[in-house]
Amino acid sequence: MKDVTETLHIAGIDTPVSRIGLGTWAIGGAMWGGTDDNASVATIRSAVERGINLIDTAPVYGFGHSEAIVGRALEGLRDKAVIATKVALAWGDDGIRRNSTPARIQTEVEDSLRRLRTDYIDLYQVHWPDTLVPFDETAATLEKLREAGKIRAIGVSNFSPAQMDTFRRAAPLAAVQPPYNLFERAIDADVLPYAKREKLVVLAYGALCRGLLSGRMNENTTFEGDDLRKSDPKFQAPRFGQYLAAVSALKDFAKARHDKSVLALAIRWVLDRGPTIALWGARRPDQLDGVHDAFGWQLSAQDLADIDEILAKYVTSPIGPEFMAPRLRDAKI
C-alpha cells in the first residue's frame, strides 16, 4: 500500500522524502492526555506502509517516550524511514527550558540515538533558538556531529531568518520547521520566502492545527488530562466557535469545489505553498486513512482567494501558536 505520491529532496539525505511526514508529538503522551503505545507502534508502521517515510519526533515529546516508541516501531524498517528529531530543550522540576550548550547537545544526541535504536539521525533540528548561546556556536557543534556521521543533515525549528543567517555561518542548513497551517500563517511574511530563496525545505508542524482542521471536532469536543488544547486559546470560547464555523465552511467548500475532505484541503494548502512537507499528527492507524486524498490535485488562485474570504468571514479574532513557546533557561546554567 503506497498512498504517498509526492516526494522532495533534503540536502544531505540521499533518500527522497515524502511530502507528508508523521508527527509524533502526541504519541509521546505528555501534553496530549496520555497515549497507547501499541496503537502508536501500529500507527508508525502503517505510515511507512503508506509511503510516509519521514517520521518526525523530539526528545521532549513525552520526555523521551516518543523517541523510544519510534525506535521500537522502526526495528526492521530503519532503511525505509527518514528519522527527524530535535535537540536543545531540557526539562525538569522547573518545566521545559531551551538549552543549546555544547554539553547539552552532546548528551542529547547520544540519548536520542539510544532511544531511536539507530546509529545515525537523518535530520537533526534545533528545537527552539536559545539566545544565551551564539547561534553559530550551536551550528558548529551540530556540524561536528554531522562530520562524525552521527547525523546526516541539520535543521532548525522556530528560527527567524536573521537567526538562520547567523547559524549558517558555521554549518550548512537543510531545513526549517515552523508552525504552518491554514489558520497560522506568520511565516508567509518572512520564513517561507527565506526558505524558497535559500533552498531550504520547510517542515510545517501543526499542519492540521492540533486537530482543528481534521473536521472531526464540534462544540461538544472536550480534552482530557494534561492535553495542551485545554490551554490553547484557539480551543477556548469564543474563538473555538469561530474556528469551528470556519472549518464547517471549509468542509463545504472542499466538497463542492474538489470533492475532497477539509482535512485533504488543509494538507493540500500546505503542500501548494512551496518546498513544504506537511507534518500529520496521528495516534491510530485509521487517522492516516485520508493521506491519499491530499495528492493528485492542486488549489487554484481562485481557490486560495475563496479560502481567505472564508477565514476572514468566520475567524474575527485570530490568534497564533505563541502559547507553545518554551521559556529561556537561567543564564547561569
Side-chain angles (χ1 to χ4, degrees), residues 20-36 39-40 42-44 46-47 50 52 55-58 60-62 66 69 177-185 203-255 260-271 276-294 307 310-311 314-315 318-324:
I20 289 178
L22 180 66
T24 66
W25 185 7
I27 278 173
M31 303 183 198
W32 289 91
T35 191
D36 179 327
S40 297
T43 302
I44 295 166
S46 178
R50 297 169 192 263
I52 298 175
I55 311 298
D56 183 80
T57 186
V60 76
Y61 298 167
S66 176
I69 292 298
Q177 183 172 152
Y180 195 44
N181 56 64
L182 273 168
F183 293 143
E184 296 169 338
R185 306 190 193 179
L203 279 66
Y205 76 78
L208 296 177
C209 199
R210 276 86 71 202
L212 258 179
L213 288 161
S214 69
R216 296 169 180 149
M217 293 184 180
N218 58 51
E219 64 276 7
N220 297 316
T221 299
T222 58
F223 308 100
E224 305 300 326
D226 65 349
D227 195 309
L228 83 164
R229 288 170 292 191
K230 292 169 71 174
S231 59
D232 185 337
K234 279 188 172 61
F235 295 83
Q236 314 304 315
R239 283 193 179 96
F240 191 34
Q242 295 176 17
Y243 282 105
L244 287 176
V247 171
S248 179
L250 290 169
K251 185 183 296 186
D252 292 342
F253 171 86
K255 179 66 175 177
K260 298 290 184 181
S261 67
V262 67
L263 185 153
L265 176 77
I267 296 297
R268 189 68 250 172
W269 185 89
V270 171
L271 298 183
T276 49
I277 292 171
L279 295 178
W280 179 313
R283 289 194 271 189
R284 303 189 315 268
D286 65 279
Q287 292 175 331
L288 297 170
D289 286 348
V291 165
H292 63 280
D293 288 334
I307 287 168
I310 289 170
L311 298 189
Y314 290 101
V315 184
I319 192 168
E322 295 83 5
F323 81 101
M324 291 191 289

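Along the sequence shown, the residues carry numbers beginning at 1.
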- Note on the structure: Rounded to the nearest 0.5 Å, the CG atom of L279 sits from the CG atom of L203 at a distance of 5.0 Å
- Query: What do the steps show when you test I20 against V291 for side-chain contact (heavy atoms from CB on, under 4.5 Å), and what is the final call?
  - Reply: CA-CA 8 Å; I20 289 178; V291 165; 4.1 Å; yes
- Query: What residues, two or more places apart in sequence or in another chain, satisfy ring pair (Phe, Tyr, Trp, His ring centres under 6.0 Å) together with Y180?
  - Reply: W269
- Query: Between CG of L244 and CG of L212, what distance do you get to the nearest 0.5 Å?
  - Reply: 6.5 Å
- Item | Flag, side chain of T24 to backbone of I27, donor-acceptor distance under 3.5 Å | no
- Backbone of G206 reached by a side-chain donor or acceptor of N181 within 3.5 Å: yes
- Query: Atom CZ in R229, atom OG1 in T222: separation rounded to 0.5 Å?
  - Reply: 10.0 Å
- Item | Distance in Å, T43 OG1 paired with D36 CG, rounded so as to fall on 0.5 Å steps | 8.5 Å
- Task: Could you walk me through whether L208 and I267 pass the side-chain contact (heavy atoms from CB on, under 4.5 Å) test, one step at a time?
- Result: CA-CA 7 Å; L208 296 177; I267 296 297; 3.9 Å; yes
- Under the side-chain contact (heavy atoms from CB on, under 4.5 Å) rule, what do D56 and Q177 come out as? Steps first, then yes or no, please. CA-CA 10 Å; D56 183 80; Q177 183 172 152; 3.2 Å; yes
- Before giving the answer on side-chain contact (heavy atoms from CB on, under 4.5 Å), spell out for R216 and V262 the whole-Å C-alpha distance, their side-chain angles and the decisive distance to 0.1 Å. CA-CA 10 Å; R216 296 169 180 149; V262 67; over 6 Å; no
- Message: Which heavy atom of L182 sits nearest to which heavy atom of A266, and what is that distance?
- Response: CD1-CA, 3.9 Å
- Item | Main-chain N/O of R283 paired with S40 side-chain donor or acceptor, under 3.5 Å | no
- What is the distance from atom CG of L22 to atom CD1 of I55, rounded to the nearest 0.5 Å? 4.5 Å
- Message: Would the distance check show the side chain of D286 and the main-chain N or O of D289 forming a donor-acceptor pair, the cut-off being under 3.5 Å?
- Response: no
- Over all heavy atoms of both residues, which pair between A246 and V315 is shortest? Give the atoms and the distance, please. CB-CG2, 3.8 Å
- Task: Can you see which heavy atom on A278 is nearest to which on L271, and at what distance?
- Result: N-CD2, 4.0 Å
- Note on the structure: Shortest non-hydrogen pair, A264 vs A294, comes out as CB-N, 4.3 Å
- Query: So do the side chains of K260 and L265 get within less than 4.5 Å of each other, counting heavy atoms only?
  - Reply: no
- Task: Return the minimal non-hydrogen interatomic distance between V270 and A204, and the atom names on each side.
- Result: CG1-CB, 3.8 Å
- When you measure from the side chain of R284 to the backbone N and O of A39, does any donor-acceptor pair fall under 3.5 Å? no
- Query: Does a side-chain heavy-atom distance below 4.5 Å link R210 with M217?
  - Reply: no
- For Q287, does its backbone N or O pair with a side-chain atom of W280 as donor and acceptor, under 3.5 Å? yes
- ring-ring contact (aromatic ring centres under 6.0 Å, His included) contacts in which one or both residues fall within residues 203-231, not counting sequence neighbours: F223-F235
- Item | V247 side chain near L213 side chain, heavy-atom distance below 4.5 Å | yes
- Query: Within the side chain of S66, is there an N or O that forms a donor-acceptor pair under 3.5 Å with the backbone of T57?
  - Reply: no
- Message: Under the side chain to side chain donor-acceptor pair (under 3.5 Å) definition, can you give me all pairs with a residue in residues 233-246, not counting sequence neighbours?
- Response: E184-K234, Q242-T316, Q242-S317
- Query: Below 4.5 Å, heavy atoms only, C-beta onward: do L250 and L311 meet side chain to side chain?
  - Reply: yes
- Query: Between the side chain of S214 and the main-chain N/O of G211, is any donor-acceptor distance below 3.5 Å?
  - Reply: yes
